Engineer: 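Take this structure, written in structure tokens, and hold onto it; I'll ask about it next.
Computed from a prediction, not measured in an experiment: that's the story for all the values here. Numbers here are sequence positions counted from 1.
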Amino acid sequence: MKSKPPLPLVIIAIVYLAYLAGLLATGFTAVVAGRFALSALLFFFLFRGSRTAGNILAVLSAMSAIVLLVAAVATFPTAALGAVLFTIIAGLLAAFAAYLVFSPAVRAFQDKAGRTPAP
């Protein structure tokens with residue numbers, strides 16, 4: 001029997017990839033396209049039970065949160081609303097990174113998926 005990823009993880013993946021797709025649709029940039037491709041690849045392996053992909057995704061999400069917080073501080077004097085938005089997105093990314101690292105449901109899924117024999 002195949003193990004299924006936790007529902008919050010699936011929802012986060014859908015929302016994050018939709019967010020990046022929305023950024024691509026409104027204005028294509030190579031950086032966003034690279035983030036989308038790398039994130040999709042990491043989510044693919046994460047859903048197959050890869051602990052390494054989960055750890056890489058957690059580290060990249062935490063680093064993105066830190067960069068957004070620095071950007072929020074830098075833009076606050078000129079664009080307070082933008083700084084608030086950066087802070088909210090940074091908080092969501094930090095929460096996602098913490099969920100990947102500390103969630104017992106994610107670890108249980110990875111342990112179970114890692115032991116599933118190949119067809």
Engineer: To the nearest 0.5 Å, what is the distance between CG on Leu92 and OH on Tyr99?
Structural biologist: 14.5 Å

Engineer: Using 0.5 Å steps for rounding, measure from the CG atom of Asn55 to the CD atom of Gln110.
Structural biologist: 7.0 Å

Engineer: Mind checking the OG-CZ spacing from Ser3 to Arg48? Nearest 0.5 Å is all I need.
Structural biologist: 11.0 Å

Engineer: Are the side chains of Leu46 and Leu9 in contact, using a 4.5 Å heavy-atom criterion?
Structural biologist: yes

Engineer: How is the hydrophobic cluster of Met63 composed, in terms of its other members, when Ile, Leu, Val, Met, Phe, Trp and Tyr link through side-chain heavy atoms under 4.5 Å apart, directly or indirectly?
Structural biologist: Val59

Engineer: Quick one: list whatever passes side-chain hydrogen bond (donor to acceptor under 3.5 Å, both in side chains) with Arg51, sequence neighbours left out.
Structural biologist: Asp111

Engineer: Determine the minimum heavy-atom distance between Arg107 and Leu100, stating which atoms define it.
Structural biologist: NH2-O, 3.7 Å

Engineer: Consider only side-chain heavy atoms of I, L, V, M, F, W and Y, link residues closer than 4.5 Å, and tell whether Leu42 and Phe36 are in one cluster.
Structural biologist: yes

Engineer: Hydrophobic clusters join Ile, Leu, Val, Met, Phe, Trp and Tyr when side-chain heavy atoms are under 4.5 Å apart, directly or via other members; which others share one with Leu41?
Structural biologist: Phe44, Phe45

Engineer: At their closest point, which heavy atom of Phe47 faces which heavy atom of Phe109, and how far apart are they?
Structural biologist: O-CZ, 3.3 Å

Engineer: Which distance, rounded to the nearest 0.5 Å, do you find between the CD1 of Ile56 and the OG of Ser61?
Structural biologist: 11.5 Å

Engineer: Counting only pairs under 3.5 Å, give me each side-chain donor-acceptor contact of residues 64-73, with atom names and distances, residues two or more places apart or in other chains.
Structural biologist:
{"unit_1": "Ser64", "atom_1": "OG", "unit_2": "Leu60", "atom_2": "O", "d": "3.0"}

Engineer: Roughly how far, to the nearest 0.5 Å, is the CZ atom of Phe76 from the CZ atom of Phe86?
Structural biologist: 13.5 Å

Engineer: Taking ILVMFWY side chains as joined if any heavy atoms are under 4.5 angstrom apart, and letting links pass through other members, which residues group with Val15?
Structural biologist: Leu7, Ile11

Engineer: Sequence neighbours left out, cut at 3.5 Å: what donor-acceptor pairs do the side chains of residues 17-32 make with other protein atoms?
Structural biologist:
{"unit_1": "Thr26", "atom_1": "OG1", "unit_2": "Gly22", "atom_2": "O", "d": "3.2"}
{"unit_1": "Thr26", "atom_1": "OG1", "unit_2": "Leu23", "atom_2": "O", "d": "3.1"}
{"unit_1": "Thr29", "atom_1": "OG1", "unit_2": "Val32", "atom_2": "N", "d": "3.3"}

Engineer: State, yes or no, whether a side-chain contact exists between Tyr16 and Phe43 at a heavy-atom distance under 4.5 Å.
Structural biologist: yes

